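Heads up, the thing below is written out as structure tokens.
Just so you know, these numbers come straight off a predicted model, no measurement behind them. Index from 1, following the sequence.
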Amino acid sequence: MNFEKYNNFQLLDKASQGILDRTLEENFERKTSVVIFRHGHRTPFKYRKNSADNTLNVVLEKEFFDKLEPKVWFDGKQELFYEKQKYFSHLTKEPTEIGPFETTEGKLTNLGAEQLKCLGERLRQRYKPEISQICSQVEKDADGISQIVGITTRTERTIESLSSLLSGIFEPDHLSQLPYVKTFVFSESETNWMLVPFKDHTDLREGISIAQSYQFICENVPGYQKWAEDFAGRFGVDPDSLNIQIARDYITSFMSFGIKSDTLPAFTEKDFKFTNATQNYIVSAERLVVERGVEKASSRLFENILEFLTNRDNLLVLLSGHDSTINSIHLALRAQDYSWPDFASNVSFEVYEHLESKEAKVLISFDMVPIIAKSISGCCLITWTEFVNYIQNQVLL
């Protein structure tokens, strides 16, 4: 499988970033920005219901949640949430209630809230002119409407991550007037375009079965068979019974929470790195083995991103999603480096207008570092025509 075809981009180095910043400051005005980010650090999921016969999975789940200390990991994060949000249904646009969320799986931690607040502080520095303009209009916007909007999937971790991000953007210690932020939450009855649309494209689920098979992974991921045999031997299971998604989730969680198992061998740094990389290859393969799988996975997401960038109704659009959201963007842009998107990973699309010619340009950044998306253009500043043509011809169905 030709994975390298989808790894066709370049991050700008520091010197090039400096030149770009001066060019933008002297010759362009930023018109709108869309920032898509993954939620912060969370607890793992309880996968037992999906694979009750997986002995290793059952043991991992029990060991982890028996040792989890809720007071240590969850108390205090509420202090990092932004208070001036108004929640609306994404489907009906009517006010909606959020929570309560009472599960301990997939739950945002104190660390996760801090990660998003830190990202918000970085965004505040980058979008300082926009933040100042938004805050200056607070008194005019008595109904709570401002030029910033948030959209989130309906999970505790994404809703709270957006709130934590906003607390970093609108730090009370730095601003005298804080705006209400309209936040739209997907309802359970609508298609969530920030997630992979498995219901609309059932062949994407068939791609999962192919890409997650032991034989396929051994054939397409260098070094996997050797690692899987070693890992399975340490934990007393068959290599072909390993579920990389589950293994990655629990390895990440055991290591990041500092939890030691009483009955299992310790996970290694190699386990952590290998499962992260392998999972990214698998997720990419799930799309690539299906006809037009990349487009099927990302078309609706990019329809909405393109709409935001075209209309330019808001100075700042914030989309709180998942690792799958970031992966779909990377693949669609042919900018997949096969490293798993970390907590708080983000992608931004910024539209600039030239001060004299009024020509529009698009800048794409990964984790706030500008990229050259070579499948679209040889320059980091992509002409609006190049960008739209690529999305319409290569991404949308």
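Between the side chain of Ser163 and the backbone N or O of Glu160 there is no donor-acceptor pair closer than 3.5 Å. The closest donor-acceptor contact from the side chain of Glu353 to the backbone of Lys31 lies at 3.5 Å or more, if one exists at all. Looking only at distances, a side-chain donor or acceptor of Thr43 sits under 3.5 Å from a matching main-chain atom of Gly106. Of the possible donor and acceptor atoms, none in the side chain of Ser320 sits under 3.5 Å from a partner among the backbone N and O of Ser161.
Remark: Lys182 is positioned above the aromatic ring of Phe88, its terminal NZ or CZ atom under 6.0 angstrom from the ring centre and at most 45 degrees off the axis. Judged by a 6.0 Å distance limit and a 45° cone about the ring axis, Lys46 is positioned over the six-membered ring of Phe65. Figure legend: Lys361 and Phe28 shown without cation-pi pairing, the cationic atom not lying both under 6.0 angstrom from the six-membered ring centre and within 45 degrees of its axis.
Taking every heavy atom of both residues into account, Asn110 and Leu80 meet most closely at O-CD1, 4.4 Å. Across every non-hydrogen atom of Arg287 and Leu331, the tightest pair is CG-CD1, 3.8 Å. Residue Phe216 comes nearest to Ala285 through the heavy atom pair CE2-CB, 3.6 Å, listed as atom of the first residue, atom of the second, then distance. Scanning both residues, Phe3 and Tyr338, for their nearest heavy atoms gives O-OH, 2.5 Å.
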What do the steps show when you test Thr152 against Thr158 for side chain to side chain donor-acceptor pair (under 3.5 Å), and what is the final call?
-> CA-CA 6 Å; Thr152 173; Thr158 51; 3.2 Å; yes

Between Asn8 and Ser375, does a side chain to side chain donor-acceptor pair (under 3.5 Å) hold up when you go through it step by step?
-> CA-CA 7 Å; Asn8 191 26; Ser375 294; 3.1 Å; yes

Starting from the C-alpha separation in whole Å, work towards a yes-or-no answer on side chain to side chain donor-acceptor pair (under 3.5 Å) for Glu63 and Thr263.
-> CA-CA 8 Å; Glu63 285 283 327; Thr263 59; 3.2 Å; yes

Criterion side chain to side chain donor-acceptor pair (under 3.5 Å) on Asn327 and Trp340, from CA distance to verdict | CA-CA 8 Å; Asn327 268 321; Trp340 194 257; over 6 Å; no

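Taking 4.5 Å as the limit, every side-chain heavy atom of Tyr250 sits out of range of all side-chain heavy atoms of Ser261. With a 4.5 Å cut-off on side-chain heavy atoms, Phe170 and Val181 count as touching.
Salt-bridge check for Asp249 with Arg42: passed, with a basic side-chain N closer than 4.0 Å to an acidic carboxylate O. Asp75 and Lys71 are not joined by a salt bridge, as no carboxylate oxygen comes within less than 4.0 angstrom of a charged side-chain nitrogen. Of the charged side-chain nitrogens involved, at least one lies within less than 4.0 Å of a carboxylate oxygen, so that Arg234 and Asp230 count as a salt-bridged pair.
Ring-centre distance between Phe349 and Phe308: not below the 6.0 Å cut-off. Taking the six-membered ring for Trp, His330 and Tyr6 have ring centres at least 6.0 Å apart. In this structure, Phe254 has its ring center closer than 6.0 angstrom to the ring center of Phe64. Taking the ring centroids of Phe267 and Phe235, they lie under the 6.0 Å cut-off.
For Lys270, the NZ atom sits in a loose shell: 12 or fewer heavy atoms of surrounding residues, nucleotides or ligands are nearer than 6.0 Å. Heavy atoms of other residues, nucleotides or ligands lying less than 6.0 angstrom from NZ of Lys128 number 12 at most. Annotation for Glu83: atom CD does not count as buried by contact number, only 12 or fewer foreign heavy atoms lying within 6.0 Å.
At a threshold of 4.5 Å between side-chain heavy atoms, the hydrophobic network of Ile, Leu, Val, Met, Phe, Trp and Tyr places Val362 and Ile36 in one connected group.
The aromatic rings of Trp227 and Phe231 lie parallel to each other, their planes meeting at an angle below 30°, with 60° marking the opposite boundary.
Rounded to the nearest 0.5 Å, atoms CG (Leu301) and CG (Leu396) are 10.0 Å apart.
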